[in-house]
Enquirer: 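The structure's right below; bear with me while I get my questions together.
In what follows, every chain begins at residue 1, and chains take the letters A, B, ... in the order their sequences are listed.
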Amino acid sequence: MASQARGLQNFISDLRNAKSKDEETQRVDKELANIRKKFSTTGSKVGEDGNNPSLSSYQRKKYVWKLVYIHVLGYDVDFGHAEVLALVRSNKYSEKHVGYTALSLLLRGDDPMINNVVTTIRTDLTKPAPVGKNSSSAMSDAAQSLALCSIANISGLELIQALHVEVQHILVSKTSTPNVKKKAALCLLRLVRTSPNLVAGREFAPHVALLLQDKHLGVLLSSMSLLNGLATQHTDEYESLIPYVVHILGMLVLKKACAREYLYYRTPSPWLQIKLLKFLQLYPNAIVPASENGKTESPTNSKAYIAQLTSVVSKILTETDVSDSINKSNADHAILFEAVNLIVTWGSAGPIQLREGAMKLLGKFISVREPNIRYLGLMTMAKLAQLEGSAEGIKKHQATVLVSLKDADISVRRRALDLLFVMCDTDNAERIVDELVAHLVLADAAIREEMVLKIAILAEKYATDLRWYVDTILKLISISGDHVSDAIWHRVVQIVTNHPQGDLQAYTAATLLVAASPRRCHETAVRVAAYVLGEFGFLIAERPGMSGEEQFKILHQHWDTSDEKTRAILISTYAKLANLYEECRPLVAPVFARCKNSVDVEIQQRATEYASMREAFSPEAVEDLLREMPPFEDKRQSALEQRLREKEGDDSAAVVKAARPSAAQRQRAAQSAAAARAAEEAAAAAEQNGPSDVAQQERASPSGEPTAVVGIPKDVIPAMRKAFSNLCTSPSGVLFENSILQVGVKHEYVGAQGRISVFFGNLSKAPLTRFRTVVDEVDHLRIQKQGTQGLLDESEDGGCTVAVRTQAKLLLLVEVTAPFDDAPAMRVIFDTEDGTRHEYPLRLPIVATCFMEPVTLEPGAFMQRWKSLEGQDRECQEVVKAPPNAPPIDEEYMKRIARIITEGLKFGRCQGCDPTPWTVSGAATFRTAAKDLNGNNINVGCLVRVEANPQAGAFRVTTRTLHPLCSKAVKNVALVSIKLA
Amino acid sequence: LCSVSLVSFLQMIKGIIIVNNHGKPRLVKFYQSVTSEEKQQSVIRRVFQVVSQRPDSFCNYCEGSIEEWGENIKLIYRHYATLYFVFAVDANESDLGILDLIQVFVEALDKCFENVCELDLIFHSDRVHYILDEIVMGGMVLETNIVQILQAIKDQGKMHSDSLTKLDPSASSNIQQRLGGDTAKWQYNW
């Protein structure tokens, strides 16, 4: 074969010697100018399409190749097409060859030049072989080949429309040589892909059948490629060809009948085997005998090939082994993996021993060291995992897969991640998700987004307790917040909003408040926290350290570092806080005032609207505006699944898995649907009967089904918070009250023990049924419960009935075992007469200060202990403003503060330490029932000081104890009490 | 039924890129066209970035997205001395099959150039394209049998010289002479 022209060689050498990109560009520009000059016609003689006919064949080829070379280097080439066409039109093979090759490199499918070349291509395609002269017959063959090749490479719509008939004709023509046939088959395939309806299946299938009987393996291979392409688009129309395909497979695999030259490292044409197996994957039912299939009219109904197919696949499965030659091993495994894919498509219809064999092999592959085999093993096992009944077999390999998750190669890690995702179910979800989260810390950036997305999907799918889901997402945010997309945290909001059952909403609010407490936390955490606290913050506002004001402070510390999007969310949350808590209003107002001038339109608008809302609307309208969001519509496909689908395509095993709802999800969906239905019915009933006729709403929802749950109405929240705070420091009082229910509490304590009575009074005009309370177990309290019969039932259907104007009673005997700073949760659940379920999450006022015993200390002893307890862990300090409507701080006021410390917090006053009226100091012992090594009860000494600043109208509370939790608890109770003083 | 969805069975080679250890492309063939020269170069850079960071002990597959081709692109590559042979395929190609194909391609080059080296690819890009055209056509595998491939190339060569009417004596000048010692097989770096 002739070598290239010297001018081109020199040009390439010059470019290689270029010392810089600039020098290269200069050389290219010079050459382009030169070629342009050579190509431009001089005077009268102009060739077809404007080429320069005076160029010699050699020159034309040389310059065209230079252009191609320049194009490949990345430079724009926008001329010279005429010369390329001149070459294509030439009768000399050398010119034609260069012309066609240049054509497919320089031209794209949509190039307008195509029109000019169509005629030439058609001539080359259809040129009949001249009889007799051998050389020109070869020439016409070669021209056909070149034409087919460039049609396939360029594949423009124009070309297809103009030439597809000719291409089909060549393919089925008896006179076409094998070389031409195989190119025609692929060319047609390329055309069919661009225009799927070019070929009518029913008529064309017999032609393909003829091609499949060709003796030439090269023709077979191309025909199979074509057939796979056609059958993918119109599967039914090519089903009749299954027996031919199985026959060829049988020849290759069982009889090893194959032309010697098509053996690739002793394996009969692996490529062809792969294509055949891929074709069969299109027909999952092919393995089912016709009688069972119910398709009696099928042309393949005898299904005589089933036995042959089974033995082919079984032979591939059993006889493949790791070979010394890497190439031989590659080829054999390529076939093997395709056979396994075929077994997977058969599913449970296929022979069981093949499925088991495949599983065993894959188990071996995922533990070998050879990275390619391991990679493909993991990938194929993920496919196999979709088969029903395969789960148990695959779970055995969990430990092996986890090893690959830590592989150095990211491709292997990706596959391991994918397989773990697919094999995850309710049983192993926690383990797998925890492993993935642990690994996320170490994972590199390239895989993090994918991991975060998959963990989020799994946690949602398999959470039996949604609190675990919330925790998991929070971990994702703290480990890899940048990869937690909006879709993920929006999903948290949706799920929490849609699940009012249990204490999920309160739990999420509390957890997020804690997460947002540190000065530095990820902005995504701030966003979720802001949204969730705006919605459900009121559920935790009575907890120590979580009042509305504190919620505001914790959120607002992030204001300066937040972007506009976060600020917009914060503003809405502030509006909700300000609406609920009077003490937040003076904090929020200046923020709104500043934001009225924000450059961000969204923020400006929100701030202005919220700030003027109270003047513009009635209080009811404001309530309405700031009410919690209604439940979200439950879409069939979550945004996360959508993202996964975009990334991995429709047939990824992971996508199929994600789309299939888990048992936990189905259960949750059923609950939400029932709740929504009940809510709708209740609303419809209310509409029918008119709002005044409450008593007539007797359309109870069907019993046994979960119903709409009514939570604590927002308007009673402020009163409820106050009641709780009061109760922390007083022995009896009302904890909760609305128009239906009143909850009263009486509590007394001796040392580490307490006795708490809770009364539930029915204030409505009808009995309350299925009345139950659930008191959460906590680590730091031993609780014994007694109550009205049924009150403490654990089952959903249990409970007692509380008649009109009567009470149910609950008695709790508690013993404290460790310091704490919380208050135990109690849920009250009951049905009203109209069938509406109410569920109120309350807090019992059993706080640390309940277990204090006053201690009287001499001033010297007090100061000595005070100093010895200095230090970060032991001291808590916070400044609190007197309530806005309180009188100025005077001595009278200070007496009230002192009473809070002594009677409320049960501290002994240490008068000697308070020389002025502006301080109050006290000491106490926190008693627990826990024993130390010597058998003595463990007690914690606690000191407190309140210092007033009458000018600023503020108090500073400092607590020092041996235990950080005690310091915090005492400080919190002192703060809320002072606010109420 | 728990069958796997088989909707997109495209099986297409999107492009073939041979690039040396320094990121210089030695052969570039796009079967799924990319709109401009600039984009082509960015694809090449991206491909090189990905494969060059992987030690030879890793598997021969990289998944990921190449903006110009879409999200589900797999790079299947082999590293021979100074050159990376990279085939970009969609997710449905037989992975090991493509590895075999690369091997066939390299064996064919080796036979045609008698111990192929990087320089052959630089100075004979036309022949490299001719060989590739006999193996892959329009992004589809045309022939995997090395004997057939070599025969086709030989036939072409014969016709090529037949069609040349005894001209261009300069065309067959000896590169080796001009390049002197710069021909170390597979060792050459740009």
Enquirer: Which label fits B:Tyr130 and A:His97: parallel for a plane angle under 30°, tilted from 30 to 60°, or perpendicular past 60°?
Expert: parallel
Enquirer: Report which part of B:Leu99 has an atom under 4.5 Å of a heavy atom belonging to chain A: side chain, backbone, both, or neither.
Expert: side chain
Enquirer: For B:Val28, is it the side chain, the backbone, both or neither that has a heavy atom under 4.5 Å from a heavy atom of chain A?
Expert: both
Enquirer: Among B:Gly97, B:Pro55, B:Ser57, which has the most heavy-atom pairs under 4.5 Å with chain A?
Expert: B:Gly97
Enquirer: Quick check against the 3.5 Å criterion: does A:Tyr283 have a side-chain atom that pairs as donor or acceptor with the backbone of A:Thr235?
Expert: yes
Enquirer: Which one wins on heavy-atom pair count under 4.5 Å against chain A: B:Val147, B:Leu142, B:Ile146?
Expert: B:Leu142
Enquirer: As an exercise: rank A:Cys149, A:Ala152, A:Ser104, A:Ser222 by heavy-atom pairs under 4.5 Å with chain B and give me the winner.
Expert: A:Cys149
Enquirer: Is there a donor-acceptor contact under 3.5 Å linking the side chains of B:Tyr77 and B:Arg54?
Expert: yes
Enquirer: When you compare the side chain of B:Tyr80 with that of B:Val116, does any pair of heavy atoms fall below 4.5 Å?
Expert: no
Enquirer: Output yes when A:Arg415 and A:Asp418 qualify as a salt bridge under the 4.0 Å nitrogen-oxygen rule, no when they do not.
Expert: yes
Enquirer: Do B:His79 and B:Asn60 meet the criterion of a side-chain donor-acceptor pair at a distance under 3.5 Å?
Expert: no
Enquirer: Need one label for A:Arg369: side chain, backbone, both or neither, based on atoms under 4.5 Å from any heavy atom in chain B.
Expert: neither
Enquirer: Given heavy-atom pairs under 4.5 angstrom as the criterion, report whether the side chain, backbone, both or neither of B:Val141 touches chain A.
Expert: both
Enquirer: Counting only non-hydrogen atoms closer than 4.5 Å, does B:Ile44 touch chain A with its backbone (N, CA, C, O), its side chain (CB onward), both, or neither?
Expert: neither
Enquirer: Can you tell me which portion of A:Phe337 sits under 4.5 Å from chain B's heavy atoms? Options are side chain, backbone, both or neither.
Expert: side chain
Enquirer: Tell me, side chain or backbone of B:Glu134 under 4.5 Å from chain A's heavy atoms, or both, or neither?
Expert: side chain
Enquirer: Is there a side-chain contact (heavy atoms from CB on, under 4.5 Å) between B:Gln148 and A:Tyr262? Walk through the geometry before answering.
Expert: CA-CA 9 Å; B:Gln148 288 273 332; A:Tyr262 275 91; 3.5 Å; yes
Enquirer: Can you tell which of B:Val104, B:Leu101, B:Leu27, B:Val136 has the highest number of heavy-atom pairs within less than 4.5 Å of chain A?
Expert: B:Leu101
Enquirer: So which atom in A:Tyr265 and which in A:Lys328 form the shortest heavy-atom distance, rounded to 0.1 Å?
Expert: O-CD, 2.9 Å
Enquirer: What residue, out of A:Gln233, A:Glu95, A:Lys182, A:Arg414, has the most heavy-atom pairs lying under 4.5 Å from chain B?
Expert: A:Lys182
Enquirer: With only heavy atoms counted, which part of B:Glu107 is less than 4.5 Å from chain A, the side chain, the backbone, both or neither?
Expert: side chain
Enquirer: Heavy-atom distance under 4.5 Å to chain A: side chain of B:Lys29, backbone, both or neither?
Expert: side chain
Enquirer: I need the residue from A:Leu221, A:Val68, A:Asp76, A:Ile274 with the largest number of non-hydrogen atom pairs under 4.5 Å to chain B.
Expert: A:Asp76
Enquirer: Is the backbone N or O of A:Ser225 less than 3.5 Å from a side-chain atom of A:Asn228, with the two atoms forming a donor-acceptor pair by type?
Expert: no
Enquirer: Between A:Arg190 and chain B, which part of the residue has a heavy atom less than 4.5 Å away: side chain, backbone, both or neither?
Expert: both
Enquirer: Any side-chain donor-acceptor pair under 3.5 Å between A:Glu338 and A:Asn341?
Expert: yes
Enquirer: With a 4.5 angstrom heavy-atom cut-off, could you sort out which part of A:Ala408 is near chain B: side chain, backbone, both or neither?
Expert: both
Enquirer: For the residue pair A:Lys383 and A:Val344, what are the closest heavy atoms and their distance?
Expert: O-CG1, 3.6 Å
